[in-house]
Enquirer: 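Here you go, one structure.
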Amino acid sequence: MEDPGVALPDDAVPTTTAGGPRVVLFDFDGVITVADSFGLFMRERYAGVGRKLLLLPALPWLLLVRPFSWRAAVRTVVHVGLLGLDEHRYRARAQDFAGRLVRRPKQFQRDALQALRCHQAEGARVIVVTGCERILARGLLDELGLPEVELVASELAPGWLGMRVRRHNIGQRKLQSLAEAGVARWDRAYGDSALDIPMLKEAAEPVLVNGSPKLCKQVERALGRSVERVAWY
């Protein structure tokens, strides 16, 4: 996702001060959720034949760009999937989807939710830092009974033909988003992929969730130290 500016999300978090509560970061997809939440939303958008047909004119571009930039290819698929949705209609559909997804079985990792609530009970400041789109992620957290959890997420913006990608909050971009939101340090961070290495590297206590042995070695090599490993279900 692209980032033409530095505007912060509606629920941007205030500056962290030294000596305050412990700051704990959670990735979302693969840590709290089982699957890619926005990916599931987009799959539903493409459930009908009509939406698939709209993607046909973009196929030559996708075939051309995919070997060089999967992000550009994904961005194109997202833009086509959101054709015709203004901000109000997108918000309504994302919130409706969030309500239905929370009621599906086996979509969220109970161990993750328990750990998050334990950190809250201990007085920690919990922030979900995710590549999932903000309105959808906020809707899911609210539906899970976590409206007070702070959120730094990917962003969409209105375009001529529908909602378009504004910022994809993954990898190094998570650090930029946190800095813009005033979060300068964190004590503990939970991630599940190599894309979370920048966030894990800055944590005093990096935690890898459901990591394969190969991924664990990759993360520890990048961090130059061992990481805590947890198996969550």
Enquirer: Report yes if some heavy atom in the side chain of Arg125 is under 4.5 Å from a heavy atom in the side chain of His119; otherwise report no.
Expert: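 Side-chain contact under 4.5 Å: no.
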
Enquirer: Counting heavy atoms not belonging to Arg164, are there more than 12 under 6.0 Å from its CZ?
Expert: no

Enquirer: Between Glu143 and Arg103 (salt bridge meaning N to carboxylate O under 4.0 Å), is one present in this structure?
Expert: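 Salt bridge between Glu143 and Arg103, a charged N being under 4.0 Å from a carboxylate O: yes.
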
Enquirer: Using atom types as modelled and distance alone, determine if a side-chain donor or acceptor of Trp186 lies under 3.5 Å from a backbone N or O of Ala204.
Expert: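 Between the backbone of Ala204 and the side chain of Trp186 there is no qualifying donor-acceptor contact (under 3.5 Å).
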
Enquirer: Could you list the residues that satisfy salt bridge (charged side-chain N to carboxylate O under 4.0 Å, His left out) with Asp96, not counting sequence neighbours?
Expert: Arg100

Enquirer: Can a salt bridge be assigned to the pair Glu180 and Arg167 using a cut-off of 4.0 Å between side-chain N and carboxylate O?
Expert: yes

Enquirer: With a sphere of 6.0 Å drawn around CZ of Arg225, does it hold more than 12 non-hydrogen atoms of other residues, nucleotides or ligands?
Expert: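 Yes, enclosed.
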
Enquirer: Which distance, rounded to the nearest 0.5 Å, do you find between the CD1 of Ile32 and the OH of Tyr190?
Expert: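 Answer for the CD1-OH pair, Ile32 versus Tyr190, is 10.5 Å.
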
Enquirer: Looking only at the side chains, is there a donor atom on one of Glu133 and Tyr90 sitting less than 3.5 Å from an acceptor on the other?
Expert: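 Yes - a donor-acceptor pair under 3.5 Å links their side chains.
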
Enquirer: With the 4.5 Å side-chain cut-off for hydrophobic clustering, are Val230 and Leu223 part of the same group?
Expert: no

Enquirer: Taking a hydrophobic cluster as the set of Ile, Leu, Val, Met, Phe, Trp and Tyr residues connected by side-chain heavy atoms closer than 4.5 Å, whether directly or through intermediates, do Leu40 and Val102 fall within one such cluster?
Expert: yes

Enquirer: Any carboxylate oxygen within less than 4.0 angstrom of a Lys/Arg side-chain nitrogen, looking at Arg22 and Glu122?
Expert: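 Result for this pair is no, no salt bridge flagged.
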
Enquirer: What is the distance from atom CD1 of Ile135 to atom CG of Leu140, rounded to the nearest 0.5 Å?
Expert: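 With rounding to 0.5 Å, CD1 (Ile135) is 12.0 Å from CG (Leu140).
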
Enquirer: Under 6.0 Å between ring centres: does that hold for Phe38 and His168?
Expert: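 Aromatic pair excluded; centres sit 6.0 Å or further apart.
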
Enquirer: Output the distance between atom CG (Leu83) and atom CG (Leu161), rounded to the nearest 0.5 Å.
Expert: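 Reported value, rounded in 0.5 Å steps: 6.0 Å.
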
Enquirer: Going from CZ on Arg221 to SG on Cys216, what distance comes out if it is rounded to the nearest 0.5 angstrom?
Expert: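 So the gap between those two atoms works out to 11.5 Å.
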
Enquirer: Who are the side-chain hydrogen bond (donor to acceptor under 3.5 Å, both in side chains) partners of Asp111, not counting sequence neighbours?
Expert: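 Not a single residue meets the side-chain hydrogen bond (donor to acceptor under 3.5 Å, both in side chains) criterion with Asp111.
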
Enquirer: Kindly work out whether a path of hydrophobic side-chain contacts (I/L/V/M/F/W/Y, heavy atoms less than 4.5 Å apart) joins Met42 to Leu53.
Expert: yes

Enquirer: Starting from the C-alpha separation in whole Å, work towards a yes-or-no answer on side-chain contact (heavy atoms from CB on, under 4.5 Å) for Phe97 and Leu136.
Expert: CA-CA 8 Å; Phe97 181 79; Leu136 178 58; 3.8 Å; yes

Enquirer: Can you tell if the side chain of Lys52 reaches within under 4.5 Å of the side chain of Val49, non-hydrogen atoms only?
Expert: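 Side chain of Lys52 against side chain of Val49, heavy atoms only: no contact under 4.5 Å found.
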
Enquirer: Test side-chain contact (heavy atoms from CB on, under 4.5 Å) on Glu202 and Arg185; report intermediate values, then the result.
Expert: CA-CA 8 Å; Glu202 299 299 319; Arg185 49 157 291 277; over 6 Å; no

Enquirer: Nearest 0.5 Å please: distance from the CG atom of Asp27 over to the OG1 atom of Thr130.
Expert: 5.5 Å

Enquirer: Is any side-chain heavy atom of Pro158 closer than 4.5 Å to one of Asp86?
Expert: no

Enquirer: Would you find more than 12 non-hydrogen atoms of other residues, nucleotides or ligands less than 6.0 Å from Lys217 atom NZ?
Expert: no

Enquirer: Looking at Trp232, is its backbone amide N or carbonyl O close enough to the side chain of Asn210 to form a donor-acceptor pair, meaning the two atoms are under 3.5 Å apart?
Expert: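 Looks like yes, one N/O pair under 3.5 Å.
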
Enquirer: Is the closest side-chain heavy-atom distance between Arg188 and Leu25 below 4.5 Å?
Expert: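 The answer is no, as the side chains (C-beta and beyond) never meet within the 4.5 Å cut-off.
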
Enquirer: Under the side-chain contact (heavy atoms from CB on, under 4.5 Å) criterion, do Ile127 and Val149 qualify, and how do the steps go?
Expert: CA-CA 6 Å; Ile127 308 171; Val149 170; over 6 Å; no

Enquirer: With distance as the sole test, does Thr33 use its side chain to make a donor-acceptor pair with the main-chain N or O of Phe108 at under 3.5 Å?
Expert: no

Enquirer: Could you tell me whether a side-chain N or O of Lys174 sits under 3.5 Å from a main-chain N or O of Val129, the two making a donor and an acceptor?
Expert: yes

Enquirer: So Leu59 and Leu56, do their side chains get closer than 4.5 Å, heavy atoms only?
Expert: yes

Enquirer: Is it the case that one hydrophobic cluster holds both Leu175 and Val23, taking links as side-chain heavy atoms less than 4.5 Å apart, direct or via other members?
Expert: yes

Enquirer: Do Ile197 and Val207 belong to the same hydrophobic cluster, where Ile, Leu, Val, Met, Phe, Trp and Tyr are linked whenever their side-chain heavy atoms lie under 4.5 Å apart, directly or via other members?
Expert: no

Enquirer: Are any non-hydrogen side-chain atoms of Tyr46 and Leu55 less than 4.5 angstrom apart?
Expert: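 Yes; the side chains approach each other to less than 4.5 Å.
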
Enquirer: Salt bridge check, Glu220 against Arg229: does any charged N sit closer than 4.0 Å to a carboxylate O?
Expert: yes

Enquirer: Ignoring hydrogens and angles, state whether a donor on the side chain of Asn169 or Glu155 is under 3.5 Å from an acceptor on the partner side chain.
Expert: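 The criterion, which ignores hydrogens and geometry beyond distance, is not satisfied for Glu155 and Asn169.
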
Enquirer: Are Gln107 and Arg104 linked by a side-chain donor-acceptor pair shorter than 3.5 Å?
Expert: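 The answer is no; no qualifying pair exists.
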
Enquirer: Any side-chain heavy-atom pair from Val24 and Glu205 closer than 4.5 angstrom?
Expert: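 In short, these two side chains do not touch, never coming nearer than 4.5 Å.
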
Enquirer: Determine whether Arg134 and Leu156 make a side-chain contact, defined as any pair of heavy atoms from C-beta on separated by less than 4.5 Å.
Expert: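 They are not in side-chain contact.
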
Enquirer: When you look at Val128 and Val31, which way does the side-chain contact (heavy atoms from CB on, under 4.5 Å) test go after all the steps?
Expert: CA-CA 10 Å; Val128 168; Val31 172; over 6 Å; no

Enquirer: Report the distance from atom CG of Leu113 to atom CZ of Phe26, rounding to the nearest 0.5 Å.
Expert: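 Leu113 atom CG to Phe26 atom CZ measures 9.0 Å (nearest 0.5 Å).
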
